[in-house]
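Just below is one structure, and these are the notes that go with it.
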Protein chains: 2
Amino acid sequence: MEDKKYTIANLAEEFQITARTLRFYEDKGLLKPERIGQNRCYSEADRVRLSWILRGKRVGFSLAEVGEMISLYDVGDGRKTQRVVTLEKCQERIKVLKSQRDDIDLTIRELEEFCIQLEALEAEEKVS
Amino acid sequence: MEDKKYTIANLAEEFQITARTLRFYEDKGLLKPERIGQNRCYSEADRVRLSWILRGKRVGFSLAEVGEMISLYDVGDGRKTQRVVTLEKCQERIKVLKSQRDDIDLTIRELEEFCIQLEALEAEEKVS
DNA sequence: ATTCTAGTTGACGTTAACGTAAACGTTAAC
DNA sequence: GTTAACGTTTACGTTAACGTCAACTAGAAT
């Protein structure tokens, strides 16, 4: 079974962040690693959560929002009404993400269009 | 010709932001509206820039990054070497945006997958 | 025994992106 | 003439997401 453990430096190194950042995420309740004595000991599950957090950040969500998204998973086994709420939140998130993707696509298209114009200018210069 | 002019309140209203925000963007050099006397007077071009800024923000870029992206356009008419630099920056931005879109797609897929599981639980409950 | 190498917990500093309040100048309406 | 609506600048306040010490502690190595 995959019960690999990680030290704080391990994860910091792997994900190119600082130990301070990991402790900060813990303060914010985003991570809850075991303690071996005083030291933090991260499980594979913690590692997965971390990658979720960072991915969320990369796409522009705040830590609070990422926290919400992550907590969706944890609540999935609760009472029925609880699950329904989770499902709705989840679908809302998906909507936001999709409209965000549209924004990105639009931006990409505009930038690419602009690139083409720039390249045309270069070509023109070569002719003259 | 489209030379419509906008007051600060017009744009604030249209884009659902505050006047403070518009002045802030101006301080940061992102917008440079005309002045009629002391008052700001935004052109259609300013409006387009603003929508760029806000779209950039929605997809997670900082104002500084958005500023860079916008300035790409302004530099497009400079010297040749200048244009080449612009082109490169532009292509870099496109790369970033594409990898961001991949992140979003992945997140969407995972959330959708999770939704399906939740819905399966609901269905199960109805049977029992 | 001491030095080195992780790790720990405060606590204050910093940057970005505005919010908010104060104090003031036009113009239009009543 | 004054009140209201809309604008202005100046300046301090705020929140998020860490950075940066400082002052330990615990174990391993020399």
Side-chain angles (χ1 to χ4, degrees), chain A residues 4-43 46-47 49-71 93 96 100 103 107, chain B residues 4-43 46-47 49-71 93 96 100 103 107:
Chain A
K4 277 187 93 172
K5 296 295 183 179
Y6 305 88
T7 151
I8 195 168
N10 288 159
L11 288 187
E13 149 82 322
E14 176 176 356
F15 291 96
Q16 292 286 65
I17 57 182
T18 69
R20 175 72 180 90
T21 301
L22 282 162
R23 293 190 199 105
F24 181 74
Y25 291 167
E26 186 171 345
D27 274 3
K28 293 286 152 174
L30 298 175
L31 292 173
K32 298 176 197 187
E34 272 184 68
R35 295 295 182 123
I36 301 286
Q38 173 142 276
N39 291 19
R40 292 166 174 81
C41 176
Y42 297 86
S43 70
D46 291 323
R47 216 189 69 107
R49 284 174 83 95
L50 177 57
S51 68
W52 249 92
I53 296 169
L54 297 177
R55 178 148 43 81
K57 287 213 61 191
R58 283 201 301 275
V59 303
F61 289 111
S62 71
L63 287 185
E65 291 171 314
V66 171
E68 244 196 73
M69 295 174 69
I70 287 183
S71 72
R93 276 274 156 238
V96 173
Q100 212 169 318
D103 277 335
T107 307
Chain B
K4 278 187 90 173
K5 297 296 183 179
Y6 307 87
T7 151
I8 196 167
N10 288 158
L11 288 187
E13 149 82 322
E14 176 176 355
F15 291 97
Q16 293 286 68
I17 57 180
T18 69
R20 174 72 179 94
T21 301
L22 282 161
R23 295 191 197 103
F24 181 74
Y25 290 167
E26 185 172 346
D27 274 2
K28 294 285 152 173
L30 297 175
L31 291 172
K32 299 175 198 189
E34 273 183 69
R35 295 292 183 128
I36 301 285
Q38 174 142 278
N39 292 18
R40 291 168 175 82
C41 175
Y42 298 86
S43 70
D46 290 324
R47 215 189 70 106
R49 284 174 82 94
L50 178 56
S51 67
W52 249 92
I53 296 169
L54 297 177
R55 179 148 42 80
K57 287 213 62 190
R58 283 202 300 276
V59 303
F61 287 113
S62 72
L63 287 186
E65 290 171 315
V66 171
E68 244 197 73
M69 293 175 68
I70 288 182
S71 71
R93 277 273 157 241
V96 174
Q100 211 169 317
D103 276 335
T107 306

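Just so it is clear, the model here is predicted, and its values are computed rather than measured. Throughout, a chain's letter reflects where its sequence line sits, starting with A, and its residues are numbered from 1.
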Specify the separation, in whole Å, of atom [atom1] of [X] and atom [atom2] of [N].
| X | N | atom1 | atom2 | result |
| --- | --- | --- | --- | --- |
| A/Glu65 | D/dA16 | CD | C1' | 12 Å |
| B/Ile36 | C/dT27 | CD1 | P | 12 Å |
| B/Leu31 | C/dC18 | CG | C1' | 15 Å |
| A/Lys28 | D/dC18 | NZ | C1' | 10 Å |
| B/Ile8 | C/dT26 | CD1 | C1' | 16 Å |
| B/Leu63 | C/dC18 | CG | P | 5 Å |

Will you find, in the side chains of B/Asn10 and B/Thr7, an N or O donor that is under 3.5 Å from an N or O acceptor?
-> no
Could you tell me whether the side chain of A/Asp27 and the main chain of A/Phe24 form a donor-acceptor pair under 3.5 Å?
-> no
Give one of base, sugar-phosphate or nothing for A/Arg23, where a contact means two heavy atoms less than 4.0 Å apart.
-> base
Sorted by first residue and then second, give each ring pair (Phe, Tyr, Trp, His ring centres under 6.0 Å) pair with at least one member in residues 49-69 of chain A; sequence neighbours left out.
-> A/Trp52-A/Tyr73
Ranking D/dT8, D/dA17, C/dC18 by distance to the side chain of B/Arg40, first place goes to D/dT8
Phosphate contact (C/dC18 OP1 or OP2) by B/Tyr25 side-chain N/O below 4.0 Å | yes
Going from CZ on B/Arg93 to CD on B/Glu65, what distance comes out if it is rounded to the nearest 0.5 angstrom?
-> 5.0 Å
Which comes earlier along DNA chain C counting from the 5' end, the contact point of A/Arg20 or that of A/Asn39, where each point is its nearest nucleotide?
-> A/Asn39
Under a 3.5 Å limit for both distances, which nucleotide forms a Watson-Crick or G-U wobble pair with D/dA23, could you say?
-> C/dT8
Is C/dC30 paired to anything, Watson-Crick or G-U wobble with both distances less than 3.5 Å, and if yes, which nucleotide?
-> D/dG1
